[in-house]
Engineer: 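Supplied in structure tokens, the structure appears directly below.
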Amino acid sequence: MASFWEYANPVKFMRLSGWLMPLSAVLAAVLIVTGLLWGFFGTPDDYRQGSTVKIIFLHVPAALMAINAWAMMLVASLIWLIRRHHVSALAAKAAAPIGATMTLIALITGAIWGQPMWGTWWAWDPRLTSFLILFLFYLGYIALWSAIEDPDTAADLTSVLCLVGSVFAVLSRYAALFWNQGLHQGASLSVAPGTRMDWSYKAPLYLCMIGFGLMFLALVLAGTRTEIRARRARALLTRERVRA
Amino acid sequence: MIALLVRDLRLAFRAGGGFGLGLGFFLILAVLVPLGVGPDPQVLGVIAPGILWVGALLACLLSLDRIFALDHEDGSLELLATSPIPLEGVVAVKAFAHWITTGLPLALAAPVLAILLNLAGPGYLTLIASLLLGTPALSMIGAFGAALTVGLKRGGLLMSLLVLPLYVPTLVFGAQAVTRAAQGLDGSTPLLLLAGITAGSVALLPFAAAFALRINLR
Amino acid sequence: MIALLVRDLRLAFRAGGGFGLGLGFFLILAVLVPLGVGPDPQVLGVIAPGILWVGALLACLLSLDRIFALDHEDGSLELLATSPIPLEGVVAVKAFAHWITTGLPLALAAPVLAILLNLAGPGYLTLIASLLLGTPALSMIGAFGAALTVGLKRGGLLMSLLVLPLYVPTLVFGAQAVTRAAQGLDGSTPLLLLAGITAGSVALLPFAAAFALRINLR
Amino acid sequence: MELRVTDLACARGGLPLVEGLSFAVTSGEALVLRGPNGSGKTTLLRTLAGLQPALKGEISCPPEQMAYAAHADGLKSTLTVTENLTFWAAIHGVRDIEPALEAMNLRDLAHRQAQHLSAGQKRRLGLARLMVTGRWLWVLDEPTVSLDADSVALFAEVVRGHLAGGGAALLATHIDLGLPEARVLDLTPYKAELLPDLGFDEAFL
Amino acid sequence: MELRVTDLACARGGLPLVEGLSFAVTSGEALVLRGPNGSGKTTLLRTLAGLQPALKGEISCPPEQMAYAAHADGLKSTLTVTENLTFWAAIHGVRDIEPALEAMNLRDLAHRQAQHLSAGQKRRLGLARLMVTGRWLWVLDEPTVSLDADSVALFAEVVRGHLAGGGAALLATHIDLGLPEARVLDLTPYKAELLPDLGFDEAFL
Ligand code: HEM
Ligand SMILES: Nc1ncnc2c1ncn2[C@@H]1O[C@H](COP(=O)(O)OP(=O)(O)OP(=O)(O)O)[C@@H](O)[C@H]1O
Ligand SMILES: Nc1ncnc2c1ncn2[C@@H]1O[C@H](COP(=O)(O)OP(=O)(O)OP(=O)(O)O)[C@@H](O)[C@H]1O
Ligand SMILES: [Mg+2]
Ligand SMILES: [Mg+2]
């Protein structure tokens with residue numbers, strides 16, 4: 001019986017991702033393009049915020065993926081530490097730059113949004129603050145990966161960092177809330193009664209969010225494939241050097 | 001273990017041993033900030049709690065790379081790793097020595113510098129309390145960061161980058177406690193949270209740090 | 001001399017080489033200060049010029065002990081001292097390399113961090129100009145301090161204490177220039193004074209530093 | 001007691017260096033490792049001391065029974081000779097450092113800071129540390145570097161004393177140790193060819 | 001050309017170590033300094049290289065004509081072998097590092113970072129540096145530490161080449177250098193007794 005763990009074998013993983021990656025990439029492109037076009041041209045301007053509100057179709061999916069990417073890295077790190085599956089460590093490595101980019105997109109689109117809304121590019125709102133801190137976590141994680149040469153050592157150390165960092169990221173979030181009850185609006189898509197957002201916005205927004213999710217999947221798969229190829233090249237080089 | 005503590009303290013107090021490095025930096029910051037920001041006592045009073053805590057934090061950060069780097073360079077760390085003391089103990093003792101030579105003096109010196117920065121009267125006691133409660137967490141978290149980066153040449157920046165986000169909750173709660181106390185409000189909630197962070201870090205991080213050290217040595 | 005410059009830059013950019021150490025520290029400070037001081041944009045705007053300049057200064061200070069200490073530890077400094085290059089040249093080149101890897105990136109990154117600190121609009125240009133004019137002096141003065149303390153184990157604190165008072169004029173003129181500009185006033189006098197300090201240090205300090213190095217080597 | 005190594009392979013920087021190595025050292029014995037520069041002596045000793053994992057093979061003796069001395073001496077330059085030695089003695093639960101000072105002729109230097117010692121004096125101090133570990137097996141990497149002839153003789157005397165007391169020693173060196181009676185093992189024949197098992201990287205091929 | 005030392009005295013940490021030392025080394029000659037640990041060989045060589053002042057005496061040859069190699073190699077661990085060597089060559093205005101790489105058998109390691117070399121390989125690189133200084137007199141402190149027999153032979157070959165080209169060498173060592181033809185000077189007889197001239201401190205007596 002094929003178990004999930006078999007895909008931790010690089011060869012199997014390459015075979016699987018060989019078709020999964022382009023598939024999700026195409027799907028992601030379709031969903032995002034549709035969602036954005038619909039969002040930009042098919043929705044009415046907000047009565048308060050005018051057309052600036054439409055940046056939400058980039059801002060919110062990016063913010064969502066920024067957090068999910070870290071969660072995925074946490075799971076992958078645990079798998080590496082417990083079961084030592086190399087693909088898992090490499091997937092965590094591949095996810096980090098993508099997550100960092102998503103965080104940056106959320107921050108930048110937020111800043112563009114904030115300029116007309118709050119009259120400032122940046123405010124020390126708890127949500128923005130915790131995202132800035134998340135961005136720093138990503139930077140540290142990526143820097144640690146790139147500073148260490150031996151891949152297994154790097155995987156071990158970054159995994160520990162990811163575990164400890166997750167705990168402190170959650171703590172920081174509470175600290176930021178404690179520090180300042182901010183300007184930023186709360187969860188806008190809560191299923192709780194009294195949902196504030198109209199369906200004409202929600203539908204394209206959902207499309208974009210699913211699209212961003214698939215795009216993330218495609219990028220992580222692509223990144224992991226690159227890392228696997230790099231490891232393969234390394235193994236071949238080692239073999240060469242031993243022969244020489 | 002006691003021998004290790006004694007040695008680390010002795011090294012710190014010997015000429016050029018880095019005792020006072022943190023303290024000196026703390027002093028420097030407290031002098032530079034008014035020079036940069038300008039002498040307005042109103043403004044200084046408002047920013048005093050924050051600046052003092054940021055200063056304490058940076059002072060810790062600066063002396064951190066010394067926790068393991070020197071022992072790594074001269075080969076002592078390898079010898080310690082093959083010694084009968086468990087590596088978790090080594091980490092804990094070294095973090096403790098770091099606290100004694102950095103955190104403790106900072107906490108004691110802070111009130112004096114607070115005068116330079118014109119901190120409001122009711123804040124002083126809370127300032128000392130918050131630093132005494134919070135700096136052990138800074139030392140322990142820092143030891144973890146130092147353990148992650150010990151093999152790397154000039155790991156200093158990388159370590160700062162790794163440690164900084166981990167320091168955020170401690171900083172926020174510490175500065176909040178002092179700010180509230182200086183405004184005459186109740187600062188006990190952030191102090192409690194601070195104590196919680198310290199307890200948690202001291203209990204768990206030695207294991208993470210020892211794991212990282214073992215990996216870095218091989 | 002060019003070979004030395006190339007080597008120092010290459011070392012700085014190599015993995016773990018400390019390039020970005022200053023920059024990272026600068027970023028860290030800009031994030032920590034609001035977390036400590038509180039989010040009020042009014043207060044932040046007032047202290048922004050001072051904090052940015054203090055941050056740049058500390059960032060330089062931190063990377064200073066790398067100027068000669070590493071070369072001293074691995075024996076390169078002795079070999080350089082016995083090489084055909086005059087020691088004054090070595091000092092000047094190393095200070096220049098330090099500026100390229102620290103001062104220059106700081107000046108370029110400052111405007112972004114100024115947004116975080118809510119600096120008023122008219123201050124941005126002057127901020128860059130003052131940092132470009134002032135940081136060479138910081139590097140050169142720092143190289144002198146590093147030369148004075150090179151033989152000492154963990155000379156870091158001592159160096160900071162020595163260098164700090166020498167940094168005061170640069171800090172005051174730099175921060176003043178930015179503060180004035182941010183308030184819409186004319187900041188060109190402090191900028192001129194800043195340029196004077198830089199010119200003076202670059203012309204004279206290499207000789208003092210080389211003298212100190214020679215003494216420290218024996 | 002005995003150290004038995006069976007079919008050991010070890011690597012440095014991902015590159016296998018030594019393979020198929022088997023040997024044994026029993027109480028009272030000294031084994032000298034030889035081999036050209038870069039042949040993997042240091043790597044082998046680090047593996048035995050538990051500082052890095054073996055690629056494959058068995059090591060019968062746990063690292064807790066070995067005292068390892070590397071190229072670097074692990075001395076603190078601002079501590080005196082006595083302070084340095086007392087520290088390592090305390091770490092290993094040994095009280096008396098006098099025999100070690102005596103044996104390595106460090107009496108006169110006892111109150112000198114380590115940074116004011118000459119290269120050979122530092123080395124003597126590094127070797128004196130071994131005597132306060134109380135460990136059974138000494139694992140030494142080029143112990144006599146920088147030592148003059150008299151000090152080499154002192155060192156040989158100390159090693160002989162350790163062997164006579166039921167200890168054992170494993171030494172890597174290029175030069176004379178003053179221990180003609182020790183068995184010699186040359187690492188050259190164990191140079192790793194294409195190792196069948198490349199470790200984890202193999203999975204990527 | 002000639003290095004002539006007359007009635008030299010030198011001190012370390014304020015303590016006179018060597019006094020009344022006179023010797024000469026001329027082109028084509030190698031002089032080996034011997035003496036027990038702590039007898040002042042390193043101190044003497046540093047004095048000659050101009051890194052510390054002599055207590056008294058004359059040194060005929062200015063430090064600018066010497067290439068000094070100390071216990072430490074002066075290598076940057078994150079630079080490759082070629083980069084390290086090219087740097088020192090450029091500092092001394094020498095272009096071609098190939099002969100040095102060739103002579104010390106570093107070809108295969110040319111692109112390896114210095115931190116990934118073994119102890120002996122590092123030393124070989126440290127010695128290769130001498131060949132790109134273009135200096136007349138080599139002043140070497142225990143140059144063959146950590147080298148295996150083959151590398152010692154390589155080193156001896158390089159020194160002989162330098163001597164044949166009109167150079168000279170002054171070497172401190174405890175072990176064999178592979179240079180049986182070199183003159184030997186033992187420092188033991190020049191051990192400083194209470195030195196009559198205490199320098200400036202004398203004024204305080
Ligand atoms: C009027 C202006 C803004 C509006 C209406 C707005 C709206 C939103 C909404 C609806 C979300 C999703 C929340 C969720 O689903 O939980 C969000 C998330 C986020 N926004 Fe904004 N935003 C604004 C300005 C900004 C600005 C100026 C920034 C940063 C510079 C920013 C940064 C973020 C970040 C980092 C998140 C993710 C936080 C999280 O999900 O916890 N936003 N924003
Ligand atoms: N990261 C690395 N990548 C590739 N090769 C490496 C790396 N690190 C070390 N090596 C090589 O591993 C080999 C083993 O070195 P080791 O220090 O074990 O040798 P040794 O026998 O102790 O030599 P010596 O007698 O010179 O001390 C050397 O050839 C060295 O160049
Ligand atoms: N600061 C100091 N105070 C007192 N004595 C010192 C000081 N520094 C060095 N010494 C002593 O000076 C002596 C000379 O040391 P030097 O390094 O010149 O010896 P060496 O001949 O090179 O020895 P080795 O063969 O061990 O390298 C040593 O005995 C050392 O203990
Ligand atoms: Mg070795
Ligand atoms: Mg010597």
Side-chain angles (χ1 to χ4, degrees), chain B residues 11-12 14-25 27-29 31-38 40 43-44 46-58 61-63 66 70 73 149 151-158 160-161 163-165 167-168 171-172 174-176 178-179, chain C residues 11-12 14-25 27-29 31-38 40 43-44 46-55 57-58 61-63 65-66 70 73 149 151-158 160-161 163-165 167-168 171-172 174-176 178-179:
Chain B
L11 280 173
R14 268 306 133 86
F19 174 74
L21 180 58
L23 204 56
F25 182 82
L27 174 73
I28 289 176
L29 197 80
V31 174
L32 286 186
V33 164
L35 283 177
V37 167
D40 182 352
V43 174
L44 286 179
V46 171
I47 64 173
I51 296 293
L52 285 170
W53 253 93
V54 170
L57 196 151
L58 293 178
L61 205 61
L62 285 188
S63 35
R66 301 304 179 153
L70 290 176
E73 276 164 26
T149 53
L152 310 171
K153 291 268 147 195
R154 301 193 184 183
L157 164 68
L158 183 58
S160 314
L161 196 60
V163 164
L164 171 77
Y167 272 180
V168 167
L171 167 68
V172 168
Q176 277 296 308
V178 185
T179 308
Chain C
L11 281 173
R14 263 311 130 86
F19 173 74
L21 180 58
L23 204 56
F25 183 82
L27 172 73
I28 288 175
L29 197 79
V31 174
L32 287 185
V33 165
L35 283 176
V37 167
D40 184 351
V43 174
L44 288 178
V46 172
I47 64 174
I51 296 293
L52 285 170
W53 254 92
V54 170
L57 195 151
L58 293 178
L61 204 61
L62 285 189
S63 35
D65 60 333
R66 301 305 180 150
L70 290 177
E73 276 163 28
T149 53
L152 311 171
K153 290 265 148 197
R154 302 191 182 186
L157 165 68
L158 183 56
S160 311
L161 288 180
V163 164
L164 175 76
Y167 272 181
V168 168
L171 168 67
V172 170
Q176 273 300 309
V178 184
T179 308

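Numbered from 1 within each chain, the chains take letters A, B, ... in sequence-line order.
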Engineer: Can C/Leu29 and B/Leu58 be said to form a side chain to side chain contact (heavy atoms under 4.5 Å, CB included), step by step?
Structural biologist: CA-CA 9 Å; C/Leu29 197 79; B/Leu58 293 178; 3.3 Å; yes
Engineer: Between chain B and each of C/Val33, C/Val168, C/Ile47, C/Asp40, count heavy-atom pairs under 4.5 Å; write down the option with the most.
Structural biologist: C/Ile47
Engineer: Out of C/Gly38, C/Gly50, C/Pro165, which one racks up the most heavy-atom pairs below 4.5 Å with chain B?
Structural biologist: C/Gly50
Engineer: Below 4.5 Å from any heavy atom of chain B, which atoms of C/Leu23 appear? Answer side chain, backbone, both or neither.
Structural biologist: neither
Engineer: Which atoms of B/Leu52 come close to chain C, meaning under 4.5 Å heavy atom to heavy atom: side chain ones, backbone ones, both, or neither?
Structural biologist: neither
Engineer: Taking all atoms of both residues into account, what is the closest heavy-atom pair of C/Gly36 and B/Ala175, and its distance?
Structural biologist: O-CB, 3.5 Å
Engineer: Is C/Ile51 close to B/Ile51 at the side-chain level, that is, under 4.5 Å between some pair of heavy atoms?
Structural biologist: yes
Engineer: What part of C/Leu57 gets closer than 4.5 Å to chain B, counting heavy atoms only: side chain, backbone, both or neither?
Structural biologist: side chain
Engineer: Would you mind checking which part of C/Leu164 comes under 4.5 Å of any heavy atom in chain B, side chain (CB onward), backbone (N, CA, C, O), both or neither?
Structural biologist: side chain
Engineer: Is it the side chain or the backbone of C/Leu171 that comes within 4.5 Å of chain B heavy atoms, both, or neither?
Structural biologist: side chain
Engineer: With side chain to side chain contact (heavy atoms under 4.5 Å, CB included) as the test, would you mind laying out the steps for B/Val54 and C/Val37 before giving the verdict?
Structural biologist: CA-CA 9 Å; B/Val54 170; C/Val37 167; over 6 Å; no
Engineer: Starting at CZ of C/Phe25, measure out to CG of B/Leu61 and round the result to the nearest 0.5 Å.
Structural biologist: 7.5 Å
